[in-house]
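First listed ligand is number 1; within each ligand, the first listed atom is number 1.
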Amino acid sequence: MIDYELDGKVAVVTGGASGIGLACAHTLARSGADVSVWDLDEAAALRAADEVATHGHRTHTAAVDVSDSAAVDAAMADVVSSLGRVDIVVANAGIGGEAAPAGEYSDEAWHAVISVNLDGVFYTQRAAIRAMKATGGGSIVNMASILGQVGFTTASAYVSAKHGVVGLTQTAAWEHAADGIRVNAVGPGFIRTPLVEKHLDQDALDFLASQHALQRIGEPEEVAELVAWLASDAASFATGTYYAIDGGYLAK
Ligand SMILES: NC(=O)c1ccc[n+]([C@@H]2O[C@H](COP(=O)([O-])OP(=O)(O)OC[C@H]3O[C@@H](n4cnc5c(N)ncnc54)[C@H](O)[C@@H]3O)[C@@H](O)[C@H]2O)c1
């Protein structure tokens, strides 16, 4: 287990109660960070924080819908007042959304996905920048996807949001480098989480596995290692970049 040496740092993970977010919360806490778990599902966030507290550092929770900018701002202010500062923000909360071809995608489904997966990352990133400027900088990791680089049938809104996340990451990296803030995007391949498992049967999971050079889907902990490295001072020259962690999906 790598120690990313995050002692004394305060981290926020949105969508931290499940899947990739929960794995990130564990890996950051294992490396010494205090972690605030944000999630729509308050009970799950509290359970996650109890688990994460076993690493021996402070935890905090916020029941927040990241598509609500006022709620995001209030939660970030609460982290600062409870834990003292914010050094690391992982804007991870996301949903899958309706599966339909572009010609049949509904307004409602489009806005539902964009509001969480793109607006939510923008609001979280903005609140992070404001909080980090107060203490001289930090590291923001925005959760994109392989689908932030290429298309995927029946997923117009998801693909568009994830491409947007890469663009806002690149832009913020330039705008806030002088504030000591690094901003990067992470692009997982298909990862074994409730998001994937609740929508797909075994045949579909087997097909998706075959689309990765490693012939399997990934585990949340494998993504969390990259996130923790980007969050750490070891990544001091990394900013404005999309980092795939995809078992070779994009290499074909
Ligand atoms: N699982 C994959 O294959 C995969 C691949 C690439 C990218 N991603 C991205 O990783 C991120 C995490 O996905 P996951 O697979 O761990 O999903 P998950 O469903 O296991 O976890 C997502 C968490 O986000 C929370 N959430 C949903 N909407 C929210 C909102 N509006 N505000 C706050 N919290 C909210 C959920 O309650 C849940 O706890 C997402 O952004 C997803 O798009 C996932």
Ignoring angles and geometry beyond distance, decide whether [X] reaches within less than 3.5 Å of ligand 1 through its nitrogen or oxygen atoms.
| X | value |
| --- | --- |
| Thr193 | yes |
| Val66 | yes |
| Asp65 | yes |
| Ile95 | no |
| Trp38 | no |
| Leu40 | yes |
| Gly21 | no |

With rounding to the nearest 0.5 angstrom, report the [atom1] to [atom2] distance, [X] to [Y].
| X | Y | atom1 | atom2 | result |
| --- | --- | --- | --- | --- |
| His26 | His55 | NE2 | NE2 | 5.0 Å |
| Asp39 | Arg47 | CG | CZ | 10.0 Å |
| Thr27 | Ile2 | OG1 | CD1 | 10.0 Å |
| Asp73 | Arg130 | CG | CZ | 6.0 Å |

What pairs of residues pass the ring pair (Phe, Tyr, Trp, His ring centres under 6.0 Å) test when at least one of them lies in residues 137-170, not counting sequence neighbours?
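As it turns out, the ring pair (Phe, Tyr, Trp, His ring centres under 6.0 Å) pairs with a partner in residues 137-170, which skip direct neighbours, are Phe152-Phe190.
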Taking the side chain from [X] and the backbone from [Y], do they hold a donor-acceptor pair closer than 3.5 Å?
| X | Y | result |
| --- | --- | --- |
| Thr193 | Leu195 | yes |
| Ser115 | Ala112 | yes |
| Arg182 | Ala238 | yes |
| Thr171 | Leu168 | no |
| Thr54 | Glu51 | yes |

Heavy-atom neighbours of Glu42 CD exceed 12 at 6.0 Å: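 No, not enclosed.
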Please check if atom CG in Asp201 has more than 12 non-hydrogen atoms from other residues, nucleotides or ligands closer than 6.0 Å.
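Enclosed.
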Looking at ligand 1, would [X] count as a contact under a 4.0 Å heavy-atom criterion?
| X | value |
| --- | --- |
| Pro194 | yes |
| Tyr158 | yes |
| Lys198 | no |
| Gly189 | yes |

For [atom], what is the closest protein heavy atom, and at what distance to 0.1 Å?
| atom | result |
| --- | --- |
| atom 16 (O) of ligand 1 | Ile20 N, 2.8 Å |
| atom 24 (O) of ligand 1 | Gly15 CA, 3.3 Å |
| atom 6 (C) of ligand 1 | Pro188 O, 3.4 Å |
| atom 3 (O) of ligand 1 | Ile191 N, 2.7 Å |
| atom 10 (O) of ligand 1 | Met143 CG, 3.3 Å |

Exactly one of Thr169, Val12, Thr124, Ile181 clears side-chain contact (heavy atoms from CB on, under 4.5 Å) with Ile140, and that residue is Ile181
Quick test of your reading of the structure: of [options], whose heavy atom lies closest to [atom]?
| atom | options | answer |
| --- | --- | --- |
| atom 22 (C) of ligand 1 | Gly94, Ala112, Ala93 | Gly94 |
| atom 37 (O) of ligand 1 | Asp39, Val72, Val90 | Asp39 |
| atom 18 (P) of ligand 1 | Gly218, Gly19, Ser18, Ser115 | Ser18 |

Any side-chain donor paired with an acceptor under 3.5 Å for Tyr4 and Glu225?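 Note: Tyr4 and Glu225 side chains meet the donor-acceptor criterion.
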Using a 4.0 Å cut-off to any heavy atom of [X], which atoms of ligand 1 qualify?
| X | result |
| --- | --- |
| Val196 | 1 (N), 2 (C), 3 (O) |
| Val64 | 32 (N), 33 (C) |
| Phe190 | 3 (O) |
| Asn92 | 10 (O), 11 (C), 12 (C), 40 (C), 41 (O) |

Under 4.0 Å, heavy-atom basis, I'd like to know which part of [X] is in contact with ligand 1: side chain, backbone, both or neither.
| X | answer |
| --- | --- |
| Ala144 | backbone |
| Ile217 | neither |
| Leu195 | both |
| Val116 | side chain |
| Arg192 | neither |

| said: Salt bridge or not between Arg216 and Glu222? Use side-chain N to carboxylate O under 4.0 Å. | reply: yes
Under 3.5 Å, sequence neighbours excluded: what are the donor-acceptor pairs made by side chains of residues 75-104?
residue : atom : partner : partner atom : Å
Asp78   : OD2  : His60   : NE2          : 2.9
Ser81   : OG   : Asp78   : O            : 3.3
Ser82   : OG   : Asp78   : O            : 2.8
Arg85   : NE   : Asp87   : OD1          : 3.0
Arg85   : NE   : Asp87   : OD2          : 3.1
Arg85   : NH2  : Asp87   : OD1          : 2.8
Asp87   : OD2  : Val10   : N            : 2.8
Asn92   : ND2  : Thr14   : O            : 3.0
Asn92   : ND2  : Gly15   : O            : 3.3

